[in-house]
Protein chains: 2
Amino acid sequence: MSKGVNLKELSKKLNLSQTTVSRALNGYPEVSADTRKRVAEMAEALGYAPNSQARRLATGRSMAIGHVIPRSIHEMMNPIFLEFIAGAGETYSKHGYDMIISVVEDDHEEDAYRQIASRKKADGVIVHGPASDEHRHELLKELNLPFVVHGRIPGAEEETSWIDMNNRRAFERATNLLLDLGHTRIALLNGLEQMDFAKRRRRGFESALEARGHVADPDLMRSSDMTEPFGCENAMEMLKSDNPPTAFLVSSMITAIGVARAVGQCGLQTGKDVSIITHDDALSFLPNSGEIPIFTCTRSSVRFAGQKAAELLLNMIANPGGKPTSLHLDAELIVGQSTGPAPSR
Amino acid sequence: MSKGVNLKELSKKLNLSQTTVSRALNGYPEVSADTRKRVAEMAEALGYAPNSQARRLATGRSMAIGHVIPRSIHEMMNPIFLEFIAGAGETYSKHGYDMIISVVEDDHEEDAYRQIASRKKADGVIVHGPASDEHRHELLKELNLPFVVHGRIPGAEEETSWIDMNNRRAFERATNLLLDLGHTRIALLNGLEQMDFAKRRRRGFESALEARGHVADPDLMRSSDMTEPFGCENAMEMLKSDNPPTAFLVSSMITAIGVARAVGQCGLQTGKDVSIITHDDALSFLPNSGEIPIFTCTRSSVRFAGQKAAELLLNMIANPGGKPTSLHLDAELIVGQSTGPAPSR
DNA sequence: CCGGACATCCAAACCGCTTTGGATTTCGAT
DNA sequence: ATCGAAATCCAAAGCGGTTTGGATGTCCGG
């Protein structure tokens, strides 16, 4: 209601020292119950809230987590990224942390991290979209900035904290389902393969094929930003080829929608003439649920991952010096309307 | 490189007072060029960067902009929201501002704003997704917190700063195009009509129809979260009805994709049997560009809107006491593959 | 040679909170 | 009555910057 009351004024009003008022408000034991109550009431009445900058300066903790997002990431991973952020944000606000997001030019990412560290802008950061050739973790270690990776950094799994889904296994299972349905010509529309997750998915796909004595056909494997047109154009091209695939394994719902469009445009029917399995990040604006979801999918909620990543990070910050901890989520394989037995020809 | 140098240490190293060092670094005139250079070099060498909390406390400006996003918004507007954020973020970092995002439970939104104000967490905020029945601006005025609205608050256009596209006019023009093509049964798949933008779009649609002597058929108007299934299910239902529409006017690409799916499933062809015009927010992961875009659309880049909104707000903060200023963006009407003359029957 | 205008630089106050290191009081136990 | 522990509370010292109000030195015209 009222405004601008600070600790000094509040304590004067109460005829108490700032020390006592501060302690009363922050739950320290050396304050009598009476006093505490009196303080709380007056604070409430005067609408007192501690200035966060001052508190941060005094405590040395910024009570904020940073997310550095270079343009390239958010163009690629746009919706997935936000969903993750939203999840993380829920955890932060539950724990009184702020989330600060830096959108930076691609070649300023390192700068951004350095600034966060040197200016003490955040107590920790989340590393998004680790590449196969990843180096941010080294920088962050040097900067002494706690971090959690969304995904895994190849070769640094033991020494970093991360949260990831089991990409390889999910795609292995999906591929097996298609094989079980009789499909042998299976296309893979994957995310950019400089990203770690995409590489893992491909490995899952290939190893499932190989285990059954098949070999992945390079002509049927494409890798790109996961847009809708990427799905449509490539599916179209493959479907019109001499030896078209009967099934598609796709890395994102959006791309899968593109594939479905291509299937339609070719006069074919999804789930009958052509099967599609997609990974489903459970994005809220692209629901794929219901009794029989539209798309057969491997599903793993990226929002949930965000929540957990934040928890991991806050834990690290609260208990410094601990061992890195990680979380391995398993994707569900859910059968929907987009798969069926391979057409006999 | 090195770490933890603060102003005191830096100035000691230089045999200068903190005052002088601070002034040299911040470009004040009362420092000789020599000294300034010496200071700059030493600061560089020692890797000095001012602690942002301390600076904030001293200057009284938090150098941050807040975005409060209740769950309901980010479930609805997910991808659009992020694109806007990304645009705003670019502007912020260009000006040395931080972006802080609070994800809050729906009924804690007011609290979030109060906290930002009382704890001085941000120097201003962006108001997202104004409803027809909007009150946040009143709260923010009471809190004396500068803000810019993305969209418009009905009845408060004059007294608030906002950035918006011309929703009514865009949908009017789109409707006219359809009418020109001979369509008379046109369906409207709109966003939630408690949102201001959706209401405006509907008005544009209706007034274009009326101007040509038609009346909007309530059976052909639906309003909901702009998901893909919303488009598919409703289009399906309408197309199977006795008196199906020959064209759809849709509020979002994602929903339009759903409509296209329904069209395909009905064995019809988009752009021939059924025309679709959608609004296109120019989301990066849903490109609808190229020589002949897939969808005929009204296009307005929401990322650009984000950039501009941020500029508006930073201006307000830099020049307090100014009159509210606003920006009215015009959407382009772009003809793509999804429209054609109404089928003669 | 003097006084004032500039150009430089500095000591200290301040921003608003937390926290250290007592001071004072209370009270049961000896 | 005496003592030490426990319970309360406080003055003051930070945290790391910015900014105010001089102090000092230099240069120039008169």
Side-chain angles (χ1 to χ4, degrees), chain A residues 2-40 42-43 46-64 96 98 115-123, chain B residues 3-40 42-43 46-64 96 98 115-121 123:
Chain A
S2 45
K3 53 166 181 178
V5 206
N6 59 20
L7 226 204
K8 203 204 284 189
E9 291 160 14
L10 175 59
S11 54
K12 194 165 298 172
K13 211 101 181 174
L14 283 160
N15 265 339
L16 284 173
S17 73
Q18 295 190 29
T19 310
T20 304
V21 176
S22 169
R23 286 189 159 149
L25 257 25
N26 291 320
Y28 282 71
E30 51 270 86
V31 179
S32 72
D34 283 1
T35 313
R36 190 186 303 279
K37 186 160 164 246
R38 204 161 64 85
V39 170
M42 183 64 85
L46 266 55
Y48 167 77
N51 178 306
S52 39
Q53 329 296 349
R55 175 192 289 228
R56 285 163 181 184
L57 178 57
T59 57
R61 302 189 310 147
S62 69
M63 295 302 283
D98 284 340
Q115 285 221 358
I116 289 177
S118 64
R119 318 182 95 111
K120 308 266 161 56
K121 285 197 173 190
D123 297 330
Chain B
K3 52 163 182 182
V5 207
N6 62 18
L7 188 60
K8 202 202 283 188
E9 292 160 14
L10 175 58
S11 55
K12 192 166 297 172
K13 211 102 181 173
L14 283 160
N15 264 339
L16 285 172
S17 73
Q18 294 190 28
T19 309
T20 304
V21 176
S22 170
R23 286 188 158 151
L25 257 23
N26 290 321
Y28 282 71
E30 51 272 86
V31 179
S32 73
D34 283 1
T35 313
R36 189 186 303 280
K37 188 163 163 244
R38 206 161 63 86
V39 170
M42 184 65 86
L46 266 54
Y48 168 76
N51 178 305
S52 39
Q53 329 296 349
R55 177 194 288 233
R56 285 164 180 182
L57 176 56
T59 59
R61 304 189 308 149
S62 71
M63 295 300 285
D98 283 341
Q115 286 221 358
I116 289 176
S118 63
R119 318 182 96 111
K120 307 265 161 50
K121 285 196 173 190
D123 297 328

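The chains referred to below are lettered A, B, ... by the order of the sequence lines, with proteins before strands, and numbering in each begins at 1.
For the atom pair CZ (B:R55) and CG (B:N26), the distance works out to 5.0 Å, reported to the nearest 0.5 Å.
When heavy atoms are screened at a 4.0 angstrom cut-off, A:T19 is found touching base atoms of the nucleic acid. Using a 4.0 Å heavy-atom distance criterion, A:D34 is classed as making no nucleic acid contact. Within the 4.0 angstrom heavy-atom criterion, no nucleotide atom of any strand lies near B:R56. Residue contacts for B:T35: at a heavy-atom cut-off of 4.0 Å it reaches the sugar-phosphate backbone alone, with no base atom in range.
Remark: B:R119 does not engage A:D98 in a salt bridge, criterion side-chain N to carboxylate O under 4.0 Å.
Look at NZ on A:K8: it is 13 Å from P on D:dA11, rounded to the nearest Å. Here D:dG16 presents its C1' atom at 13 Å from NZ of B:K12, a figure rounded to the nearest Å. The separation between B:Q53 atom CD and D:dT18 atom P is 13 Å, rounded to whole Å. D:dA12 atom P lies 17 Å from atom CG of A:L7, rounded to whole Å. Remark: P of D:dT8 and CG of A:N15 are 19 Å apart, rounded to the nearest angstrom. Distance B:M63 CE to D:dG16 P: 20 Å, rounded to the nearest Å. Residue A:L16 contributes atom CG, which lies 19 Å from atom P of D:dA7 at whole-angstrom precision. Nucleotide D:dT8 holds its P atom 14 Å from the CZ atom of A:R38, rounded to whole Å.
Ranked by how close their nearest DNA chain C nucleotide is to the 5' end, B:L57 and B:Q18 are led by B:Q18. Summary of the strand contacts: A:A54 and B:R36 both lie near DNA chain C, and taking for each the nucleotide with the nearest heavy atom, the more 5' one is attributed to B:R36.
Taking 4.5 Å as the limit, some side-chain heavy atom of A:N6 sits within range of a side-chain heavy atom of A:E9. Residues A:S22 and A:Q18 form no side-chain contact, since every pair of their non-hydrogen atoms from C-beta on lies 4.5 Å or further apart.
For the helix from C:dC1-D:dG30 to C:dT30-D:dA1, the terminal axes (five pairs an end, C1' atoms, rotation from four pairs onto the next four) enclose an angle of 60°, given to 10 degrees.
When DNA chain C is scanned in the 5' to 3' direction for atoms under 4.0 Å from non-hydrogen atoms of chain A, the outermost contacting nucleotides are C:dG16 to C:dG21.
A donor-acceptor pair under 3.5 Å links the side-chain atoms of B:R38 to the main chain of B:L14, judged by distance alone. Checked by atom type and distance alone, the side chain of B:R36 pairs as donor or acceptor with a backbone atom of B:Y28 at under 3.5 Å. A donor-acceptor pair under 3.5 Å is formed between the side chain of B:S11 and the backbone N or O of B:L7. The main-chain N or O of B:D123 is found under 3.5 Å from a side-chain atom of B:S62 such that the two form a donor-acceptor pair.
For the OP1/OP2 pair of D:dT19 and a distance below 4.0 Å, the side-chain nitrogens and oxygens of B:T59 include no atom meeting the criterion. When the side-chain nitrogen and oxygen atoms of B:N26 are compared with OP1 and OP2 of D:dT18, one or more of them lie within a distance under 4.0 Å. Dashed line: the shortest gap from a side-chain N or O of B:Y48 to OP1 or OP2 of D:dG16 is not under 4.0 Å. In this structure, B:S22 reaches the D:dT18 phosphate: one of its side-chain N or O atoms is under 4.0 Å from OP1 or OP2.
With distances taken from any side-chain atom of A:A58 to the nucleotides D:dG14, D:dC9, D:dG17, the minimum falls on D:dG14. You'll find that the side chain of B:P50 is closest to D:dG17, out of D:dG14, D:dG17, D:dC9.
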The test is side-chain contact (heavy atoms from CB on, under 4.5 Å); show your working for A:L25 and A:L10 and say whether it passes.
CA-CA 11 Å; A:L25 257 25; A:L10 175 59; 4.3 Å; yes
